[in-house]
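Written out below as C-alpha cells is the structure these notes cover.
As a basis for the values below, the full set of heavy atoms in this structure was taken, side chains included, without hydrogen atoms, waters or symmetry mates.
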Amino acid sequence: MNIPEDFKNELLDRVSLAQVAGATLNWDQRKSQPSKGDFWACCPFHSEKTPSFHVDDRKGFYYCFGCHEKGNAISFLRNTRNMGYRDAIESLAGMVGMKVPAPTQRERERADRASVMQSTCEEALIFFEQSLQAGLGAATRSYLDERGVSNQTRKFFRIGYAPAGTELIAHLERKGFSEQQMLDAGLVAKSDRNNDLYCRFRDRLIFPICNPRGQAIAFGGRAMASGVPAKYVNSPETELFSKGSCLFNHGPARNACGGKEPLLVVEGYMDVVSLQQAGIGSCVAPLGTAVTETQLRQIWRMSPKPVLALDGDAAGLRAAERTARIALPQLEPNKTLSFCIMPAGMDPDDVVRQQGKDGMLELVSQAVSMSEFLWQCETRNRDISIPEGRAELEAALLRSVRTIKDQTVRKHYWEHFTGRLGGGGGTAAERPQRSKRPWSGRQRQQVFKPTFELRNSPLVKADPSVGAHQNLRETFVLGLCLSVPEIVGDCLETLEHLEMFCGDNQRILYSITAHFELAESGGDNFRDSVVRDVGEALIRNILETKQVLNAPALRIAKENRGERRANAKTALIEEIRKLETANGAMAEISNAQNEVADGGDNPTARVASAVSARELAKRGLDTLETGEFEVHANGVRVSVDELREFDAACDG
C-alpha cells in the first residue's frame, strides 16, 4: 500500500534503527561506538562468527559487508520478522506514537482480498494437518513412515492429507468461508457437468507452498492411489500464487544460506524434505521440472553459486540442460551455477536415505562448473575425433556463448572453449583482431571515428539476438523509473516480475526495485544507491538517451510533481505492456524452436502466436522513438503536441 512520503520520512527520522535492530541483535562491544551512532553485530541474514553487520544510527541505514544486505528500519523489520510493508510501518509508528494514514479504498480492497485468500489457505492447511492425524490419514502416515519422514519433519513442513471427498468444503463453510473465497484461493473448482463444487486435492499427500515469510499461499499434492492421471498437482494460479515465481522451502532455505554448505536446487518436494531432515537446510525446489528465470533470480539472491542437484535419469539431464540455457544469458562474474547429477536411477531423496548427509555432500563436492556442464552437453552424441565433428562442436559452443550478455564472462567462456578445442583463439571471425592501419600503400584513407553518443546508443549496443526495438523499450522503461522514481512504488509488483533481455538492463531493474523505498521519496538517495550498484556510466547512458530526454511525460516541469508523476506512471504502464507483449513473442518463438528440436511436428500455432504478439508490440513504436505525429498532404510530419498547442492558441 502507498504510504505518503512525508509521513514515511518523518517516521524514519524519529525511529532509532539501533533500537529497532537491538531488539534482535547483540552489539559487539569492541567495534561499536554508540556515541557516534556506530553499531556492529553478527548479521541476522546469514551465518557468521565475526561481526560484519553495520548500523549507522544517525543516517538510519544498515549494511552487511558479508552478504551485502542493506536497508532501513522498515526493511529490517520486513526481513527479520516476516512483516508486510504496511505492518512494518505500523509497528515503527507505534514505537514513536505516530498514526499511519488510512489507505485508499482500492488499496484496502486489494489488501482485504489478499488477506482473505491467505486466511483461506491457512485454514485449509490446518484441516489437512488434522486429516493426516485422523483415521482417514492412516495410509498416508504409513507411507511417510516407509519413506522415513519423522514426525518432527512433518511438523516442520506442516505436511498434511487431503481426503477423497468434499470434507474440506464442509470444513471451510463451517469456518465462514464462502464459495467464491474457496474458488479464489484455488482450493475448489466447479464441475463442467453440473456446476457443483469439488475439491482440487483429493486423496493426496499435501505439501504447503509458502511465501518467503512462511505464509501458506498454495499447495502441492502427491496422489496416494495408483493409476491417477497426475502423480503431483499444484494449486492453480491465483493473486497470491504464481507457479513460475515461487520456490518450495524458500524462507527456511534463505535463513540457512551463508554457512559452509551450498544452496541446493533439487527437483521435488520429497527431495527437499529428506535433505532438510538429514541436516541440509539450504535447499529449494521449483514447482515443476524446469527452473524459470524468475526462480533463478530468486535463487541467486540467496546464493551467488548454487548447485543444481537433479535426478540421474534422462528427464533430470534434460531439465539440467534447460536450466543451463536459461542461466547462460544472466551469468555475471559472481553469479553462476554448478551441476551435480545424481547416480543413474537415483534422486537426492534416494542418495540421502542410502548414504546419509555425508554421502550427499560428497556428491555435491564433485559438482561440475557451468562451463564444464555445457561442454558435456555439446560433446554428447558428437564424434569430435574427426574434423567435421569438431567444427560442428565449435559452432554449437559459439551459439551458446553468444547468448551470454555480460561481455567479460562471454569473453572468458569463449577463450576457455577455444583452448579445449585446441584452436588457441577460435575462428577468425571470433578472434580479437589487431587494429589495421588506416592506410593502404601510398594512399591514406579517412578513418571514421564514432562519437561517444553513437557508441553508447541503445540502437548500437542492442543485443543482436534480441533486437534494437526491444533494447529501446527497456531503456525507456528504466529511464522513466530513474527520472521519476516515485512511480516505482506504484508499479512495484509489475516491475519485480518484468523480464529484460538486453545488456545490463535486468541488473539495473533489480537495483531499482531493491531500492523502491528510497524511490518513493523521489530524492537523490535513490539514484545514488542505483549508481553504487551498477555504475554511473550505465545510468548516464540511459538518462541521456534521446528517447528518454524527449519523453512527453518528462517534459513536464519538475515543480508539477503530481502531473509529472501521473503522466510518467501512465507512460510506464503502457511501455511495460508492450514490453511484456514483445517478451511473449520471444517466448513463443523459443518454444517453437524447442518443439522442433524435440521432434514436434506442429509449431505453426506457436509461430502464429509469436507473429501476432510481435505486431502488437510494434504498435506505437513510432511514438516511443519519435513522438506522436500526423502526416500532412505534403508529406511533412507535424508533432501532435504542437498541433494541440496551435489549435488552443487559435481558439483563444
Is it true that a side-chain atom of [X] and a backbone atom of [Y] form a donor plus acceptor pair closer than 3.5 Å?
X	Y	result
R158	I126	no
E239	A114	no
D87	E90	no

Note, [X] side chain near [Y] side chain (heavy atom, < 4.5 Å):
X	Y	answer
Y232	M270	yes
C199	R204	no
C283	N249	yes
L337	P306	yes
L264	M360	yes
P343	L363	yes
F157	P252	no
T336	S369	no

Would the number of heavy atoms belonging to other residues, nucleotides or ligands and lying under 6.0 Å from [atom1] of [X] be above 12?
X	atom1	answer
K305	NZ	no
D192	CG	no
Q152	CD	no

Pair D349-R147, salt bridge (Lys or Arg N to Asp or Glu O under 4.0 Å): steps then yes or no: CA-CA 9 Å; D349 176 36; R147 299 292 298 263; 2.3 Å; yes
Suppose we screen for ring pair (Phe, Tyr, Trp, His ring centres under 6.0 Å). Which residues come up paired with [X], at least two apart in sequence or across chains?
X	value
Y161	none
W27	F39
F201	none
F241	none

Mind jotting down which residue pairs meet the ring pair (Phe, Tyr, Trp, His ring centres under 6.0 Å) criterion with at least one end in residues 338-369? Sequence neighbours excluded, please. F339-F373
Listed by chain and number, what are the side chain to side chain contact (heavy atoms under 4.5 Å, CB included) partners of [X], not counting sequence neighbours?
X	answer
P236	R200
S91	L77, M83, M95
D313	D311, A315
P304	N334

List, one per line, each side-chain donor-acceptor pair under 3.5 Å for residues 162-178, sequence neighbours excluded.
| unit_1 | atom_1 | unit_2 | atom_2 | d |
| --- | --- | --- | --- | --- |
| E167 | OE1 | G165 | N | 3.2 |
| H171 | NE2 | E123 | OE2 | 2.9 |
| S178 | OG | Q181 | N | 3.2 |

Should R113 and E109 be marked as a salt bridge (Lys or Arg N to Asp or Glu O under 4.0 Å) after you check the CA-CA gap, both sets of side-chain angles, and the distance that decides it? CA-CA 6 Å; R113 189 166 59 250; E109 290 175 356; 5.5 Å; no
Non-neighbouring partners of Q298 that pass side-chain hydrogen bond (donor to acceptor under 3.5 Å, both in side chains), sequence neighbours left out: none
Under the rule for side-chain hydrogen bond (donor to acceptor under 3.5 Å, both in side chains), what residues qualify as partners of K357, not counting sequence neighbours? E261
Apply salt bridge (Lys or Arg N to Asp or Glu O under 4.0 Å) to D145 and R154, showing your working. CA-CA 11 Å; D145 291 337; R154 299 176 199 182; 2.4 Å; yes
Answer yes if the ring centres of Y269 and F248 are under 6.0 angstrom apart, and no otherwise. yes
Aromatic centroids of F128 and F219 separated by under 6.0 Å: yes
Answer with yes or no whether the side chains of S150 and Q277 bring together a donor and an acceptor at under 3.5 Å. yes
Under 3.5 Å, is there a donor on one side chain and an acceptor on the other for Q133 and E129? no
Pairwise distance CD(E267) to CE(M342) - rounded to 0.5 angstrom: 11.0 Å
